[in-house]
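Reading through the structure tokens given below for one structure.
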Amino acid sequence: MNKINSKGLLTGAIIALYVLCNVSFTKAQDVIIPIETKENALVLQVTPDKLLNMVYFGSKLSDKNEYAALAKLYQFGGTIGTYNNAYTTAGTRNLMEPAIAVTHADGNKSLELKYVNHTVTKINDDVSLLSISLKDSVYDFEVTLNYQTYYNEDVTEQWSVIKHHEKKDVVLNKYASANLCIHANSYWLKHYHGDWAKEMRPEEEQLNHGLKTLDSKLGSRADLFQPPVFMVSLNKPATEDEGEVMYGNLEWSGNFRIDLEVDPANNLRLIAGINNFAADYNLKAGVEFATPKFVYTLTNKGKGEASRNLQTWARKYKIVDGNGSRLTLLNNWESTYFDFNEDKLAGLLKDTKKLGVDLFLLDDGWFGNKYPRNGDHAGLGDWQTNKAKLPNDIAFLTKEAKANDVKFGIWIEPEMVNPKSELYEKHPDWVVKQPQRPEIYMRNQLVLDLSNPKVQDFVFGVVDNLFVKNPDLAYIKWDCNSIIFNAYSAYEKNQSNFYTDYVLGLYKVLDRIRAKYPKVPLMLCSGGGGRVDYGALKYFTEYWPSDNTEPIERIFIQWEYSYFYPAIASSNHVTDWGKQPIKFRVDVAMMGKLGFDIVIGKLKPAELAFCQGAVNTYKQFSEEIWHGDQYRLQDPRENDVASIMYVDPAKTTAIMFNYLVNNRYQAGTHEPLRLKGLNPDKTYTISEVNVFPGTRSTITEATYTGKFLMTIGINPDVSEHRASVLIAVKEN
Ligand code: GLA
């Protein structure tokens, strides 16, 4: 590996290093470290006294030598000189919110990290990793800051690795992943709040001086009230196509904490990481603690571009099989709940075939014998097939699925336990609960202690046994319905390690599952969207955005998730929630990964024919929806009609979704909506698809240039009589 020390003495492959990290030196021996992607630069500076500061994050400059001038142009350091530290410490000079705070083995709480060296590793043409080593001069304590850049996507993942060689454990009182310092005139934060069935409700506000913290203390279903995603617009709120905006997402499926502080010098100090609430981490000497990654992207071309950057990155590098295909499905949760048997399920497998989707997904209720899972109050933890409902085991269902030429998938919630279960009776010490206090339940259940390796083995076994016993099992929906009350682990020696070790334990299990079953589709569900983050999505092919499937609600929920996550990962099921006709419900589900959770037998012939046709249409356009570029055309929060489109990378085919979200008099589209992302020089034919049998489209098939479609647009003619309209755009 290449190394450079603070005096600029190079060791290793000098030329390669110089080219890769573009180190420059000012006369005062400052080391300048620019981290460049296609459009941006994040610039770090090592001061003569070896502090590492951040001096720029914005559009990259054409002459790299000019980065050296940046530090002097702004009041970055402020009165106490530490506002822009690249990883702010506590207990010495800094008095601002720290990124790291520790208690050394001798009880001392001071830390000052100084630059030692840095290396750049080029992973491939797109991906590079910059690692900067920092050390305390008094204690044998070190931190490596990592910046992994994805050049073409303008995305950076940042994390730190913490290590010490002190005589006893060091306690990490705060241990953030990333610490950024950004300078603009003003900052506009868009963040989200929610609850069950109310996921991803946005709020946008100007950040004033002081500290704003986004956080979760819920433990397992950590995003129930607030997810770890946000965007910050610089200077003014960015629009879809204009303005400077940064998106951030902490890749951590547990308690998180994101501090946004406008400091006295008007910098935005951003610190993102694991929440240190009740989570002082005891770190043994010689053990490396790697924080989760904080992923971010910056653009000066508005929110749409930022989304496409993150979506492309996610498909390419993060979610499982992001460039692959997905299985359309029929789920039985809302059509049967816990009430089913072999006959009923055999009928549903036939319906799966009839509908034309790829897979039948059996939901909750198939397990537990001593305490049968006939409701949500018993059986969780006892993963044996319920003999009364399924006397011939799961094998009966995989066989039936095969006979119908469809695939079979199953629901599990392996991290959880009902007090009424054999698992609880056998292993009360595996359950997260206070030994001397009454139990507190969410959905009548408790959380298993994943910090305990035996519990990790058990949870891995739940999945592994299913696949070993049923080699044809093609899909798993992994649920997580409870938050953690009464946080206490019978296993942990240091209780304050528990929250962090829980998530690390979950990841160990998921790592094992993915090592053995690398590509099998797994849906990430958490009583709806209680766990949607890139830490978890690394292991999953898709997520369940919300139990709320009322289609108007879903338009808003799916819309907001779409800023951060690609459509291929959004499981959208058609259900009976709400009063909208089947066409509207199907059209809404088609803007992501399509599924159904309705009783097929109850559909009228025209409705069934429509659904069958829609599954075919979906297959025709799945390339655009799954792997294409997404363009939001009209925001449902600002218009009567929500409009969004997907274009394949070659710009040959696109599909545009339009939905009425307002039922006031004459609400609808009265003018053309401009399309985006097409090739202005190509000609395209426009036609309506997913037309309900027996009705006529009001859109005349016609040919236009891309230029026309992007300058003038087309009117999809959405009205109360045509509440959802899908338009196909095909190159001639
Ligand atoms: C959660 C999920 C639902 C369903 C039920 C089953 O609420 O979000 O989709 O699987 O559990 O109990």
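Atoms within each ligand, like the ligands themselves, are counted from 1 in listed order. FYI, side chains are in, hydrogens and waters are out, and symmetry mates aren't considered; it's all heavy atoms of this structure. Everything numeric in this text was worked out from a predicted model, so none of it was measured.
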Looking only at protein heavy atoms, identify the closest one to [atom] and say how far it is in Å.
atom                    : value
atom 3 (C) of ligand 1  : D547 OD1, 3.6 Å
atom 12 (O) of ligand 1 : D364 OD2, 2.6 Å
atom 9 (O) of ligand 1  : K477 NZ, 2.8 Å

Just distances here: any N/O of [X] and N/O of ligand 1 closer than 3.5 Å?
X    : result
G528 : yes
W196 : no
R373 : no

Are any of the side-chain heavy atoms of [X] and [Y] separated by less than 4.5 Å?
X    : Y    : result
E400 : E342 : no
P202 : R637 : yes
K293 : S177 : no

Hey, which atoms in ligand 1 end up nearer than 4.0 Å to a heavy atom of [X]?
X    : value
N481 : 1 (C), 7 (O), 11 (O)
W544 : 8 (O), 9 (O)
C525 : 2 (C), 8 (O)

Subject >> N255 backbone acceptor or donor facing W252 side chain under 3.5 Å >> reply: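 Yes, W252 side chain to N255 backbone: donor-acceptor pair under 3.5 Å.
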Original post:
Is there a donor-acceptor pair closer than 3.5 Å between any side-chain N or O of N341 and the backbone N or O of K344?
Top reply: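 It does hold such a pair.
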Any salt bridge linking [X] with [Y]? Criterion: basic side-chain nitrogen under 4.0 Å from a carboxylate oxygen.
X    : Y    : answer
K353 : D351 : no
K370 : E422 : no
K190 : E203 : no

Original post:
If hydrogens are left out, which of D479, D363, N332 has an atom nearest to atom 11 (O) of ligand 1, that is, the closest non-hydrogen atom?
Top reply: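 Looking at heavy atoms only, the winner is D479.
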Original post:
What part of H573, side chain, backbone, both or neither, has a heavy atom within less than 4.0 angstrom of ligand 1?
Top reply: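 Near ligand 1, H573 shows nothing, with every heavy atom at 4.0 Å or more.
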Subject >> ligand 1 contacted by R443 (non-hydrogen, < 4.0 Å) >> reply: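 R443 counts as a contact of ligand 1 under the 4.0 Å cut-off.
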